[in-house]
Amino acid sequence: TAAGNTPMEFQAKAIFAFNANIAHLRAAEGSDVEKIDRAFPKIASQISESFAWGMQREVQINAHECEFFLTNFKYDNIVGGQAGNAAEQASALGVECYLHTNFANEKLFSLFSHPEKIMVAGPRGFMPAGSSQSSAASAHHFVFENKENRTRFIASYDPFPLHPDSSFCGEV
């Protein structure tokens with residue numbers, strides 16, 4: 001401040017767009033790859049190759065494969081995606097975050113540490129994520145991490161990839 005003036009106060013706001021998802025984290029074990037191999041040998045082969053070479057890899061999966069991963073493993077669930085991660089960090093600093101996701105629902109919104117700072121589009125404008133009652137499908141990213149070399153293999157399911165949410169576009 002100059003000459004004893006008080007600093008101007010303002011509320012920091014930011015827009016975060018694409019992508020936010022539910023990230024399902026799991027330390028991979030050999031038995032995991034074997035279980036996947038029985039149902040989806042191609043994906044198991046990709047995981048094995050990724051881990052053997054120590055190279056991270058991400059593949060797209062379909063709804064059937066997503067359901068398999070959801071029902072056959074236990075995970076630590078966190079907010080994922082670049083927009084989701086950025087909004088999670090910024091909201092912790094007090095920034096009001098306007099989050100644009102393809103589709104998101106209460107499961108994803110409940111994972112934010114500060115849902116009152118995460119604003120999502122609704123039929124009557126933006127509202128805090130904790131107040132949203134969206135039943136839309138969320139994107140899921142299944143992250144299997146190799147314990148030895150920390151290599152990550154990600155199986156991504158996005159119900160409608162890069163689909164602009166008309167509510168968000170209209171309200172922003």
Side-chain angles (χ1 to χ4, degrees), residues 7-27 40 43 46-47 50 55-145 150-172:
M8 184 184 294
E9 292 187 25
F10 63 94
Q11 183 176 11
K13 298 180 181 186
I15 295 175
F16 296 99
F18 284 44
N19 65 358
N21 57 64
I22 299 173
H24 306 276
L25 308 176
R26 182 172 176 86
F40 303 105
I43 295 174
Q46 292 170 324
I47 293 172
S50 173
M55 295 178 62
Q56 304 206 128
R57 184 166 187 189
E58 182 171 350
V59 300
Q60 296 295 316
I61 59 172
N62 62 36
H64 177 64
E65 294 160 334
C66 177
E67 186 61 30
F68 170 83
F69 283 112
L70 282 172
T71 58
N72 283 278
F73 301 97
K74 293 193 184 299
Y75 305 95
D76 292 326
N77 297 324
I78 63 168
V79 174
Q82 292 176 340
N85 289 331
E88 176 71 356
Q89 297 304 313
S91 66
L93 297 172
V95 175
E96 187 172 68
C97 302
Y98 290 80
L99 181 64
H100 181 207
T101 65
N102 304 8
F103 288 91
N105 61 28
E106 293 153 10
K107 279 187 182 175
L108 172 61
F109 298 150
S110 72
L111 296 173
F112 282 101
S113 300
H114 304 279
E116 73 283 358
K117 290 290 187 182
I118 307 295
M119 305 301 289
V120 296
R124 295 188 177 138
F126 286 97
M127 68 184 92
S131 302
S132 175
Q133 297 189 356
S134 171
S135 60
S138 280
H140 296 272
H141 288 197
F142 302 94
V143 182
F144 290 87
E145 185 173 82
R150 313 268 312 174
T151 300
R152 288 184 163 192
F153 180 88
I154 304 169
S156 299
Y157 173 69
D158 294 307
F160 301 99
L162 303 180
H163 181 276
D165 177 4
S166 58
S167 294
F168 185 91
C169 294
E171 297 301 336
V172 79

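None of the values given here were measured: they were computed from a predicted structure. Because only heavy atoms are used, hydrogens play no part in the values below, and waters and symmetry mates are left out as well, while side chains stay in.
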Tell me every residue that passes side chain to side chain contact (heavy atoms under 4.5 Å, CB included) with Asn62, counting only those two or more places apart in sequence or in another chain.
His64, Glu65
Would you please test Phe69 and Ile43 for side chain to side chain contact (heavy atoms under 4.5 Å, CB included) and show each step?
CA-CA 11 Å; Phe69 283 112; Ile43 295 174; 4.1 Å; yes
With heavy-atom distances below 4.5 Å as the criterion, would you say the side chains of Ile61 and Phe40 are in contact?
no
Side-chain heavy-atom pair Met119, Cys97 within 4.5 angstrom cut-off:
no
Which atom pairs, donor and acceptor, lie under 3.5 Å between side-chain atoms of residues 79-95 and protein residues at least two apart or in another chain?
unit_1, atom_1, unit_2, atom_2, d
Asn85, ND2, Gly81, O, 3.1
Glu88, OE1, Ser113, N, 3.1
Glu88, OE2, Ser113, N, 3.3
Glu88, OE2, Ser113, OG, 2.6
Ser91, OG, Ala87, O, 2.9
Ser91, OG, Glu88, O, 3.0

Rounded to the nearest 0.5 Å, what separation is found between the NZ atom of Lys13 and the CZ atom of Phe126?
10.5 Å
Quick one: are Arg57 and Ile47 in side-chain contact, heavy atoms under 4.5 Å?
no
Nearest 0.5 Å please: distance from the CD atom of Gln60 over to the OG atom of Ser156.
5.0 Å
Which residues pass the ring-ring contact (aromatic ring centres under 6.0 Å, His included) test with His24, not counting sequence neighbours?
Tyr75, His140, Phe142
Roughly how far, to the nearest 0.5 Å, is the CG atom of Leu108 from the CD1 atom of Ile118?
9.5 Å
State, with a plain yes or no, whether a side-chain heavy atom of Gln56 is found less than 4.5 Å away from one of Ile154.
no
Validation row: Pro115, Phe109 side chains within 4.5 angstrom (heavy atoms)
no
Tell me every residue that passes ring-ring contact (aromatic ring centres under 6.0 Å, His included) with Tyr157, counting only those two or more places apart in sequence or in another chain.
none
Output all residues satisfying salt bridge (Lys or Arg N to Asp or Glu O under 4.0 Å) with Glu145, sequence neighbours left out; order by chain, then residue number.
Arg150, Arg152
Ser50 side chain to Met55 backbone, donor-acceptor under 3.5 Å:
yes
Close side-chain approach of Val120 to Met127, heavy-atom, < 4.5 Å
yes
Measure the spacing between CG of Asn19 and NE2 of His100 and express it to the nearest 0.5 Å.
11.0 Å
What one should report as the nearest heavy-atom pair of Pro159 and Ala139 is CD-CA, 3.8 Å
Would you check if Lys107 and Asn77 make a side-chain contact, meaning some heavy-atom pair closer than 4.5 Å?
no
By side chain to side chain contact (heavy atoms under 4.5 Å, CB included), Ile78 pairs with (sequence neighbours left out) Ala23, Leu25
